[in-house]
Each structure stands twice: as structure tokens, then as C-alpha cells.
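Okay, here's the structure, questions in a sec.
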Amino acid sequence: MRLVSDMTQRIVVLGGGFAGVTTAQELARELRKQKRLARSPRDDRRFGPAWLRFGRREDRSDGAAANHGVEASRRVAVTLINRENYFVFQPLLADIISGAIETTHVVVPLRRMLRDVEVEVGYVEEIDTDRRRVQVQRRQSSERFWVDYDALVIALGSITDFRGVPGMAEYAIGVRTLGDAFYLRNRALSMLEDAATEPDPERRRALLTFVVVGGGSTGVEVAAELEDLVRTAARTFPSGIEPRVVLVHSRPYVLPEFGKRLGVYATRRLREAGVEMILGRRLTRVDVDRVTLDDRTTIPTATVVGTVGNAPHPVAARLAGATDERGWIRPDPTFAVPGLERVWALGDCASIVDPRTGGPMPATAQHAIREGPHAARNILAALDGQPQTPFDYAQVGMLVSLGRFRGVGEVFGVRVSGFLAWFLWRSYYLLRLPSLERRLRVALDWTLELFLAHDVVEINLRRTRTRPGEDPGELPGEPVAAGSRPDARDEIVISS
Ligand SMILES: Cc1cc2nc3c(=O)[nH]c(=O)nc-3n(C[C@H](O)[C@H](O)[C@H](O)COP(=O)(O)OP(=O)(O)OC[C@H]3O[C@@H](n4cnc5c(N)ncnc54)[C@H](O)[C@@H]3O)c2cc1C
């Protein structure tokens, strides 16, 4: 593919997760090395009427004045658009629930990670591949604007989809964003507060029961950390309360991807830690005060956590002709999207065929951070009329924490469990955190938790009422979880 342009070209990356950030970093690194990286101009965002925008596109090379002496057509600007101004290190999200890690320590400001890349914060709403532009909505003001691109990288991740089980979308809590993890922690603590003074024993039991759905790695880690939190918090109630964390999984043991021996080990460890395991059962319904299983038994509960149910990102799914029948975008092995000119897709939002298995590449951070740099090199090759190369990566292993001092995993084909797996899990993710500062903070959090009890404060995010003419007090209603908004089309709205 040869791209010809008489002005600075702009590569736009959608999504500031593992795939998007590593793509933007590699693009900036390579372009800096070639002295072609243009400071991204801000003045071609299309606010206002057309006559006001006249001539703006031509202005784009002016914004790149830093690159004196470099032919304008060779300059490339990189823009990354994300709905938050931070990157979330999802593998450590579960640790926020127990308080093992401070909430902000698993996120890193994008602008600190992306030197010389313009970061736009807003919701990507639409991709117009005919006119090569992307529509973005500001989070607070809701104002919309268009961003033009010469090359586009779609790395928006996937979304939580609870529609498979009636009632789940209405009542279950997902664990995907920082806001989700923070909300779940707060909610669990507030349920304990309510339960402590609840006179009705049945209602009290529901308030104290937390059902986690799914025995994959996220479900297991969430159940272990939630158990840790509610157990630690319960000890601070002199009246004595007995919280229950129940994990429901459709198979006879959790973590089936690790094989029977480790799966059975993980199941036993969770039981010993206090998690109640309901195995070989599926959820058929979620109501405001209970869940129903496929054998018609019901569990009274006020908190259901869903860790199953993945769906294609709606913005990507709307790309006509580029997706499979389920809506997953299907790039070729170079990450280029067939049928769409100058568009690449990677990470969780794409279904990439693994040449080793013929199936889709696993949706993991481990893959995304390898895909990003590879895609970046392919995009630059395409811009320069050079051939692109196919991606191939064999997973080196997988580790899962089972809570305090226990884990399971497989590294280079060797299966590990117990303290060693837990230690490897912590060491690996500590080293993988994107900045030294965050590594130090998390290392300190983990060191302190060896000696100190986890924090059990529920943070009240309700705002102080300040409107004139109203009684002073708190605004009613649940706080909106960070990273979500009630009318977001790509998120499940949590109601309780
Ligand atoms: C709780 C949890 C634990 C996990 N643990 C592990 C693990 O231990 N090991 C492992 O390898 N993998 C793990 N994963 C999977 C891993 O995190 C994902 O595979 C990885 O994050 C995929 O990267 P991505 O960049 O494709 O998507 P994401 O990291 O999801 O990034 C997508 C980005 O796009 C942004 N975005 C989405 N929609 C919009 C929009 N409309 N407008 C603007 N921005 C938008 C999001 O804010 C986000 O920043 C875990 C996932 C979760 C949820």
C-alpha cells in the first residue's frame, strides 16, 4: 500500500489500553529515530461551521514546525484517543478490591507514557472510513468533533455483555475498568454496613452474600480478593457478621485452561480461603435480591459480580464488511483490515487468527503488548510503500493469583502452584507495570500489606449539595463509577 500525501500525515490510535499504548509508543520511537515525528497539530478538529474550518487541513504541517528540514510529506504525527486520561493495568484490578493496592497505583497518566504523542480524551463514537475521520465526544461537555486520519489503528478492547442471562445486565457488576473495581469494593463495604443493622434475617443474609459468576482467571482472582476484603472488614464489626462469597462456575473445577490438576488445586485453595464453590452449575436468572441456578435453586444476594460475557466493541462492530458474523473485526495477520484502506486493528477488539492453532489469538495483555509494536512497524512500512510482515507469537505462560501467598500457573510449559506461582505472579506483573514510579508504589503497597491489615474504608463519593435554595446535604443517588456514564452505549449501566 503506498500512501501519497503533500502534507504531514497523521496516524490516529483509538484506545489507550495495552494494544493502543504500545502501538503509539513504538510509532513515536521509530519516527523519532527517523527524525520524522511531527508534533501533532490541534487545529484541525472540526468544531463549528465549515467556513470557519476553511484551510485548516493545510495548516497541519505548520503545527509540525519542530521538524525543520524534514520534507513535509515525510512527517508523521501520532494522536491517541482514549476515554480516560490514564492507562489501566487490568491484571492488577482485582487487587484494588481487597485494598492490597491503592486504587490509583494501577493506572498511569497517558501523557506520561506517551512522549510526543498527542493525547485526546473523549469517547470515540463513529469511524467514517470513506472520509477517513473519527467522531469523538467530549466526556464532560458532550460536544462532538471530528479527527482526520491518514492511518487508523483500532485498539478499543472489547466490552462486557451480560445479555446472555436475564437480569444480569440490570443487576450484575462487571470488573473491567478502574471504576468497576472501585465501585465493587465500595459496594461490598456498604452492604456490610447495611447488614449490620438489618433486622430481617433473610434480607441480612442477602446483603451479606456476594455471588461471583465465572471460574476463569478474572472470576477466581476477584472471588479471592473479595473474600479477603469482606472477611477483613467483618472483623471490625463487634456485633459479628458472617459474609459469604460464592463462586458459581459451570465446570467441575475452576481454571479449566490449566488442566485438571491445577484446576482442582485452585478450587481447593479457594475453598480453604473461605470462598463457597458452586460447580457444574449455570446461572439462569438474576433478580434484584437473588440469583437462580439451572437446577432451580436460588441464592439470596444483593451483589452479583459477572466475569463472563465478552462482546465486540460497538464502534468496531459497526464497521460494515470488516467484521465476522458476531461483530468481531477481522484483520489479516499483519493487522491490516481487509476492505478498509489504511485501517489496522489489534488487541481484544480484533479476532486475529493464530497461525499456530488456526483459532483466534487469546485476548490477553501478554498478546496485546506484542501486537502493538509489530502493528506500528507494519503501519510505517505501509506509509513508506514497504511490505508488511505477519504477526506470530507463542504465549510463554499464564499466572493467576489465588489471594494471599497462593497462585497457579504455567510458565514455558511447566506447571507451578502454591507460593512459587504466587511469587512469580507478583514479580512478573510488578516488572510489567509501565513506570518505575508505579512499580515502586505497588511494591510498597505489597510490602506493607504483609504487616498491616487491608484498609476497609468505604469512600463516599456523593457530592455536597451546593445549589442555592436547596437544603444543605448530599446529592442523592449512587456516584457514577469513574470511567462510565449513564448514557454510554458501549457500557452496561449498573443499577441496584
Ligand atoms: C480484571 C482483568 C484481569 C486481567 N488479567 C490478565 C492477566 O493476568 N494477564 C493477561 O495477559 N491479561 C489479563 N487480562 C486481559 C487483558 O487486560 C486484556 O487482554 C488487555 O487489556 C487487552 O488490551 P487492549 O488494549 O486490546 O484493550 P484494553 O486494555 O481494554 O484497552 C481498550 C482501551 O480503549 C478505551 N476505550 C474503549 N472504548 C472507548 C471509546 N468508545 N472511546 C475512547 N476510548 C475507548 C478504554 O478506555 C481502554 O483504555 C485481564 C483483564 C481483566 C478485565
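Since this is a predicted model, take the numbers as computed values, not measurements.
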Salt bridge (Lys or Arg N to Asp or Glu O under 4.0 Å) against Asp455, all qualifying residues, sequence neighbours excluded: none
Test salt bridge (Lys or Arg N to Asp or Glu O under 4.0 Å) applied to Arg404 - qualifying residues, sequence neighbours left out: Asp228
Those residues that, when tested against Val264, pass side-chain contact (heavy atoms from CB on, under 4.5 Å) (two or more places apart): Tyr253, Lys260
side-chain contact (heavy atoms from CB on, under 4.5 Å) against Arg441, all qualifying residues, sequence neighbours excluded: His105, Glu437, Arg438
Salt-bridge present (Asp161, Arg163; N to O < 4.0 Å): yes
Any residue meeting ring pair (Phe, Tyr, Trp, His ring centres under 6.0 Å) with Phe405, in chain and number order, not counting sequence neighbours: Trp422
Ring pair (Phe, Tyr, Trp, His ring centres under 6.0 Å) partners of His367, counting only residues at least two apart: Tyr393
Results of ring pair (Phe, Tyr, Trp, His ring centres under 6.0 Å) for Trp328 - residues two or more places apart only: none
Residues which pass side-chain contact (heavy atoms from CB on, under 4.5 Å) with Glu221, listed by chain and number, not counting sequence neighbours: Ala94, Val400, Ser401, Trp425
Test side-chain contact (heavy atoms from CB on, under 4.5 Å) applied to Ala375 - qualifying residues, sequence neighbours left out: Phe335, Leu346
Presence of salt bridge, Arg269 and Glu272, under 4.0 angstrom: yes
Sequence-distant partners of Phe237, ring pair (Phe, Tyr, Trp, His ring centres under 6.0 Å), two or more places apart: none
Residues that Arg356 engages under salt bridge (Lys or Arg N to Asp or Glu O under 4.0 Å), provided they are two or more places apart: Asp392
Under-4.0 Å salt bridge between Arg282 and Asp294: no
Any residue meeting salt bridge (Lys or Arg N to Asp or Glu O under 4.0 Å) with Arg244, in chain and number order, not counting sequence neighbours: Glu276
Check: Arg187/Thr303 side-chain N/O donor and acceptor closer than 3.5 Å: yes
